[in-house]
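Contents: one structure, followed by commentary.
Sequence lines set the chain letters: A, B, ... in the order given, protein chains first and strands last, and positions in each chain run from 1.
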Amino acid sequence: MKRWMIALASATALLAAPAMAQDKIKIGAAPYGLNAEFMQIWVAALQEHPAVKSGEVELTVFDGRYDALVQQDQFKTMVTQKYNAIIFAPIDVDAGAAAVQAAADAGIPVIGSNTRVHSDLLTSYVGSDDTISGYMEAKTVLDKIGCKGNVVILEGPVGQSAQISRLEGNKKALAECPDVKVLEDQTANWSRAEAQTLMENWLTAHPNQINGVIGQNDEMALGAIEAIKAAKLDVKSFAIAGIDGITDALHAVKNGDMTSILQDARAQAQGALDLAILNAKKGEYKPQSDIWETYKDMPWKDGKEKLYNVPWTPVTADNVDKLLATRK
Amino acid sequence: MSVGDKKTTQGWLGSEQRRLLIQEYGIFLAFLILVAVLSVSNEFFLTAGNISNVLLQTSINGVLAIGMTFVILTRGIDLSVGSVVALAGIVSASFMTSSATAGVAGAPYPVALGLGIGLLVGIACGAISGLIVSRFSVPAFVTTLGMLSAARGMTLIYGGGRPVPALTPAFRWIGTGDVFGIPAPVIILAVVFAVSWWILNRTRFGRYIYAVGGNPHAARTSGIDITRIQFLVYVISGGLAGFAGMLLSARTGSALPQAGIAYELDAIAAVVIGGTSLSGGVGRVTGTLIGALIIGVMNNGLDLMGIQSYYQQVLKGALIVGAVMLDQKRNYGA
């Protein structure tokens, strides 16, 4: 009797094991690279998603190491290992298309997140429109200087999609203030150190003429602040803005040194994961992340939309403490 | 070294002398011409504030390039300095931050401790590379390429890929402070230069470095401990890279894991523009300093004139190749 019981138990276990493995949804996340704070917040948000915590989803993160080819190879791996869905933040809009194609050929749904890709085969995309943030940040600078005076623009690496779109937004806001002159406009490659050097030189070339600094990301805005401090000028007499809402920038906002436009990495990640689960299950799924509650402007709509636009949030003295509390 | 030693049949400045003069002091001349052109074309270039800026902006690359000079003089190369900048920057910063979450327990500590630790990290990286190059005869290019990757990885592991912000004012002084209006990093560069000049020109160790680079076999035969010299130059380069890392984080106010990427290239460029031969044994640290200043002045001048940074890269490329062409001419005759 006892032996019979054991035999039955092990037989059940043998049968159950593959069934259980099938129940777990295998989702791969392919971010373009993990060296910067933004993508780390993005990955952490995926790992904190209720479906991952409950064990319903088995999540694997592939570090793209800022290389389109590496990302393409990672897609091949995911196809071979029969992942149920892929979340993709490509390094390059065009180079990412081949990877999406490979997954689509294998019938694996791909959800875009954060960065765009030129492909019709993407199931859905959850991201934020960079032209809007570019407009918003330029607008805060222009409002603060009263739509007159001189500004400088610190651009991202020329040709990157975020740089192109943010500049478009910058220019749209500048067009509304025809009296404002753009004294300088150069790339500092998203880098704080490069922006610091540029700003030091600009402060020399245009003494007492620069009123506003439009930094296309927070790092560069922070570099400009350091240059202004080094020149022994009053940071608060400048209007300075950046984008992303990185932790250092939140502190600077709290200090009254700058404005930042927060890009919600958490919403982009968790939103994409909800969509990935929905598509992996082929319907019959209610989103579990609280972000759909937070952003009423971005309705779930049964997960059928192609494009989910995560709204930008200006960081101000009112919400900065709450945001800082989320960064540990 | 002196031009006057050469005999000539034509006037006091014959063609032979003129050729030598250009070769020996060409880089210094180029620097003066660059300064003259920029002074004329931009009213702000020769102001006290801007000169201070240029020196400040040259300080980090200058310190790295001086360390690189020691290595290149022995026929070596140190590709790891950019990563060591980041590693030393972030490790020392974690002892120097007033942020409760980014620092090690008990931070901020006294400045001396933070500086000591950053220096030690740099020296340790240099010692590992030096040991592998000198004892195991692994080519310097390969060894330091490995260190470039490993030190960057360790930086990301140590800080979890996050920056270390909120460095204490005392620590930031080395990057932002000044003495009688002279920025602290400039004073540091001057001290590093003076000590290095003294080591290379006035000590036995310095003469051995040239000997090892000039002809390793002859150096060994004459009883020089080549292994030790080769080891020590990487320790010097690593230590100075560690120091540069702290200067950088003190200057930007935050130690970033992405700091220092490709800094090794600017350091090598300064050394090469300054006339130090990549085949070892020939070169001067004064040339390196001028090489670093040329890069700094060029970037500054083009920024002042509002010229896109892409042109800076093209010009730097032309300068590097031009300097080596000059070097080849000097070594193998024209």
Residues S254(B) and R192(A): closest non-hydrogen pair is CB-NH1, 2.9 Å
Give a yes or no on this: more than 12 heavy atoms of other residues, nucleotides or ligands lie within 6.0 Å of atom NZ of K236(A).
-> yes
Report, as yes or no, whether the 6.0 Å neighbourhood of atom OH on Y66(A) holds more than 12 heavy atoms from other residues, nucleotides or ligands.
-> yes
Does any non-hydrogen side-chain atom of K229(A) lie less than 4.5 Å from one of T176(B)?
-> no
Is it the backbone or the side chain of E200(A) that comes under 4.5 Å from a heavy atom of chain B, or both, or neither?
-> both
Step by step, work out the side-chain hydrogen bond (donor to acceptor under 3.5 Å, both in side chains) result for T197(A) and N299(B).
-> CA-CA 9 Å; T197(A) 300; N299(B) 289 348; over 6 Å; no
Measure from the side-chain N and O atoms of Q186(A) to the backbone N and O of I307(B), and report whether any donor-acceptor pair falls under 3.5 Å.
-> yes
Quick one: CG on N201(A) to CD on Q57(B), what's the gap to the nearest 0.5 Å?
-> 4.0 Å
Below 4.5 Å from any heavy atom of chain B, which atoms of E194(A) appear? Answer side chain, backbone, both or neither.
-> neither
Mind checking whether E184(A) and D303(B) have side chains closer than 4.5 Å, heavy atoms only?
-> no
Side chain / backbone / both / neither for P163(B) at chain A, heavy atoms under 4.5 Å = side chain
Region of A193(A) in contact with chain B, defined by heavy-atom distances below 4.5 Å | both
Of the backbone (N, CA, C, O) and the side chain (C-beta and beyond), which part of L56(B) lies under 4.5 Å from a heavy atom of chain A, both, or neither?
-> side chain
Honestly, the part of L156(B) sitting under 4.5 Å from a heavy atom of chain A is side chain
Do side-chain atoms of Q196(A) reach the backbone of R251(B) as a donor and acceptor pair under 3.5 angstrom?
-> yes
Check the pair D178(B), K232(A) against salt bridge (Lys or Arg N to Asp or Glu O under 4.0 Å), reporting the backbone distance first and the verdict last.
-> CA-CA 12 Å; D178(B) 63 86; K232(A) 302 203 164 53; 3.5 Å; yes
Output for pair (I225(A) CD1, T252(B) OG1), nearest 0.5 Å, gives 13.0 Å
Does a sphere of radius 6.0 Å around CG in D234(A) hold more than 12 heavy atoms from other residues, nucleotides or ligands, not counting ones at 6.0 Å or beyond?
-> yes
Among N50(B), N300(B), N42(B), who wins on heavy-atom pairs under 4.5 Å with chain A?
-> N300(B)
Interface residues of residues 260-269 of chain B facing chain A - heavy atom cut-off under 4.5 Å | Y263(B)
